[in-house]
Protein chains: 2
Amino acid sequence: MKKKIATPESRRAQGMAQALDMMKIMSHPLRLSILCALIEHREMSAGEIVERIRAETPAKASQSQISQYLGQLREQGLITGRKEGQFIYYRIGDPRVKKLIALLHDLYCPA
Amino acid sequence: MKKKIATPESRRAQGMAQALDMMKIMSHPLRLSILCALIEHREMSAGEIVERIRAETPAKASQSQISQYLGQLREQGLITGRKEGQFIYYRIGDPRVKKLIALLHDLYCPA
DNA sequence: ATAATAAATTAAATTATTTTAATATAAAAA
DNA sequence: TTTTTATATTAAAATAATTTAATTTATTAT
């Protein structure tokens with residue numbers, strides 16, 4: 001097959017598209033909360049995440065909804081899931097998530 | 001009036017809300033392009049921005065649409081507009097925009 | 001004044017995302 | 001094997017964002 005050559009412009013466009021996907025998926029309060037929780041705890045089961053989100057955000061977010069968010073985040077490679085018995089344990093799957101959230105924290109939560 | 005005390009949690013929640021707003025508005029290809037163009041050129045008129053966006057993204061984006069994006073970005077303080085005669089010149093209005101875009105560039109456009 | 005240019009505004013139409021509700025699957029316990 | 005627990009899947013309903021098209025305002029030039 002034909003070898004595709006990446007021009008500087010195509011690399012730039014691809015980078016932009018990835019950055020856009022990243023921000024888009026992170027700009028939802030519950031998805032962002034999930035990522036923050038995983039940064040804090042390194043690994044959590046789906047159920048632990050549900051509890052934690054419910055505790056923060058009183059009376060919102062169904063199990064189904066959170067499972068859907070976890071699916072979206074995993075699909076995009078931001079988290080990984082490992083099955084152990086009936087539980088599924090999630091972790092951050094892309095180090096860029098941590099860097100981005102760290103910067104946001106610096107910018108918007110000044111000491 | 002009653003003096004509101006900011007607890008650590010309320011500050012965290014507020015920071016999170018601001019970070020969410022920021023990412024939400026930045027996660028649209030044309031709005032992000034506008035911000036990038038303004039970082040590159042420091043100041044551009046609305047018309048120049050329209051041309052530039054049109055050049056990058058062939059045959060998309062109407063004058064009206066771009067004007068609407070400029071309005072959204074200004075409303076949120078990410079850019080400022082200064083009127084000079086019939087032109088309106090825009091600039092980045094929040095230094096955090098630059099920091100965030102710089103990080104995204106590092107993360108997604110590796111040399 | 002009239003016309004032309006630069007940019008903003010409004011509203012309707014379209015499309016995408018989010019939420020809700022119901023159901024399904026798979027593993028563990030009874 | 002029946003039930004319970006943990007999680008995922010699906011589809012419909014609700015909501016929000018985007019796009020398009022038409023119009024408007026303000027400024028400069030004729």
Side-chain angles (χ1 to χ4, degrees), chain A residues 17 20-35 37-38 41 43-76 78-91 93, chain B residues 16-17 20-35 37-38 41 43-91 93:
Chain A
L20 280 167
D21 285 346
M22 170 72 129
M23 285 197 291
K24 205 174 207 177
I25 203 166
M26 281 180 58
S27 27
H28 183 284
L30 266 39
R31 283 189 302 251
L32 184 56
S33 295
I34 290 172
L35 294 173
L38 288 175
H41 288 74
E43 185 171 79
M44 294 171 95
S45 71
E48 288 170 329
I49 293 169
V50 171
E51 275 184 60
R52 153 94 181 219
I53 297 293
R54 283 241 177 84
E56 282 181 344
T57 316
K60 286 202 167 189
S62 60
Q63 179 272 324
S64 161
Q65 203 178 348
I66 291 174
S67 174
Q68 287 177 66
Y69 292 148
L70 289 170
Q72 296 168 358
L73 292 167
R74 193 182 38 195
E75 218 183 341
Q76 211 171 295
L78 268 49
I79 63 175
T80 59
R82 141 183 104 73
K83 186 160 191 178
E84 194 174 310
Q86 59 189 325
F87 300 92
I88 297 181
Y89 291 98
Y90 288 98
R91 289 172 180 247
Chain B
M16 193 158 200
L20 280 167
D21 286 346
M22 170 71 129
M23 284 196 292
K24 206 175 207 175
I25 204 166
M26 281 180 56
S27 26
H28 183 284
L30 266 39
R31 284 190 301 252
L32 184 57
S33 295
I34 291 171
L35 294 174
L38 289 175
H41 288 74
E43 185 171 80
M44 295 170 95
S45 71
E48 288 170 329
I49 293 169
V50 171
E51 276 184 60
R52 152 95 182 218
I53 296 292
R54 282 242 178 83
E56 282 182 345
T57 316
K60 285 202 168 192
S62 61
Q63 179 272 322
S64 161
Q65 201 178 349
I66 290 174
S67 174
Q68 287 177 67
Y69 292 147
L70 289 169
Q72 296 168 357
L73 292 166
R74 193 181 39 196
E75 218 185 339
Q76 211 171 295
L78 267 48
I79 64 177
T80 60
R82 141 183 103 75
K83 185 160 190 177
E84 193 174 312
Q86 57 188 325
F87 300 93
I88 297 181
Y89 292 99
Y90 288 98
R91 287 172 183 248

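Note on naming: letters A, B, ... go to the chains in the order of the sequence lines (proteins, then strands), and numbering restarts at 1 for each one.
Scored by the side chain to side chain donor-acceptor pair (under 3.5 Å) test, S64(A) finds Q68(A) as partners (sequence neighbours excluded). E84(B) is linked by a salt bridge (Lys or Arg N to Asp or Glu O under 4.0 Å) to R82(B), counting only residues two or more places apart in sequence or in another chain. Take S33(A) and apply the side chain to side chain donor-acceptor pair (under 3.5 Å) test, not counting sequence neighbours, and it matches no residue. Residues forming a salt bridge (Lys or Arg N to Asp or Glu O under 4.0 Å) with R74(B) (at least two apart in sequence, or on another chain): none. Under the rule for a side chain to side chain donor-acceptor pair (under 3.5 Å), E51(B) has no partner lying at least two apart in sequence or in another chain. When the side chain to side chain donor-acceptor pair (under 3.5 Å) test is applied to R31(B), the partners found at least two apart in sequence or on another chain are Q72(B). For the ring pair (Phe, Tyr, Trp, His ring centres under 6.0 Å) test, no residue two or more places apart in sequence or in another chain qualifies with Y90(B).
With axes fitted over five pairs at each extremity, the angle between the ends of the helix from dA1(C)-dT30(D) to dA30(C)-dT1(D) is 10° (10° resolution).
Checked options K24(A), M22(A), M23(A); the residue passing with M26(A) is M22(A) (criterion: side-chain contact (heavy atoms from CB on, under 4.5 Å)).
One interatomic measurement links the two molecules: CG of L70(A) to C1' of dA6(D), which rounds to 12 Å at whole-angstrom precision. Atoms OH (Y90(A)) and P (dA6(D)) sit 15 Å apart, rounded to a whole Å. Atom CD of Q63(A) is separated from atom C1' of dT7(D) by 6 Å (rounded to the nearest Å). The CD-P distance, from Q65(B) to dA22(D), rounds to 15 Å in whole Å. To the nearest angstrom, P of dA22(D) lies 15 Å from CD of Q68(B). As a whole-Å value, the separation of I53(A) CD1 from dT7(D) P is 14 Å. Nucleotide dT18(D) holds its C1' atom 13 Å from the CD1 atom of I25(B), rounded to whole Å. If you take CD1 of I88(B) and C1' of dT24(D), they are 14 Å apart, rounded to a whole angstrom.
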Every protein N/O within reach of nucleotides 1-5 of chain D N/O, cut-off under 3.5 Å:
unit_1: dT5(D); atom_1: O2; unit_2: Q86(A); atom_2: OE1; d: 3.2

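In terms of position along DNA chain C, the nucleotide closest to E48(B) lies nearer the 5' end than the nucleotide closest to the other residue of the pair E48(B) and S62(A). Take the nearest nucleotide of DNA chain C for K24(A) and for G85(A): the residue whose nucleotide is more 5' is K24(A).
A distance of 12.0 Å separates CG of L35(A) from NE2 of H28(A), quoted to the nearest 0.5 Å. For the atom pair CD1 of I49(B) and CG of L70(B), the computed distance is 5.0 Å after rounding to the nearest 0.5 Å. For the atom pair CD of Q65(B) and CG of L30(B), the computed distance is 6.0 Å after rounding to the nearest 0.5 Å. Here CG of L73(A) is found 4.5 Å from CD1 of I25(A). Values are rounded to the nearest 0.5 Å. Note that CZ of R91(A) and CD1 of I79(A) are 12.5 Å apart. Values are rounded to the nearest 0.5 Å. The distance from the CG atom of D21(B) to the CD atom of Q76(B) is 5.0 Å, given to the nearest 0.5 Å.
You'll find the side chain of H41(B) reaches within 4.5 Å of the side chain of R52(B), heavy atoms only.
Residue S45(A) comes nearest to F87(A) through the heavy atom pair CB-CD2, 4.5 Å, listed as atom of the first residue, atom of the second, then distance. In this structure, I53(A) and A61(A) approach most closely via the heavy-atom pair CG2-CB, 4.2 Å.
Contacts between residues 71-83 of chain B and DNA chain D, defined by a heavy-atom separation below 4.0 Å, involve K83(B), listed by number. Only at 4.0 angstrom or more do the heavy atoms of residues 26-35 of chain B sit from any atom of DNA chain C, so none qualifies.
Read 5' to 3', the first and last nucleotides of DNA chain C with an atom closer than 4.0 Å to a heavy atom of chain A are dT17(C) to dA28(C).
Proximity of S64(A) to the phosphate of dT9(D): no side-chain N or O atom is located under 4.0 Å from OP1 or OP2. At dT9(D), none of the side-chain N or O atoms of Y69(A) fall inside 4.0 Å of OP1 or OP2 (strictly under the cut-off).
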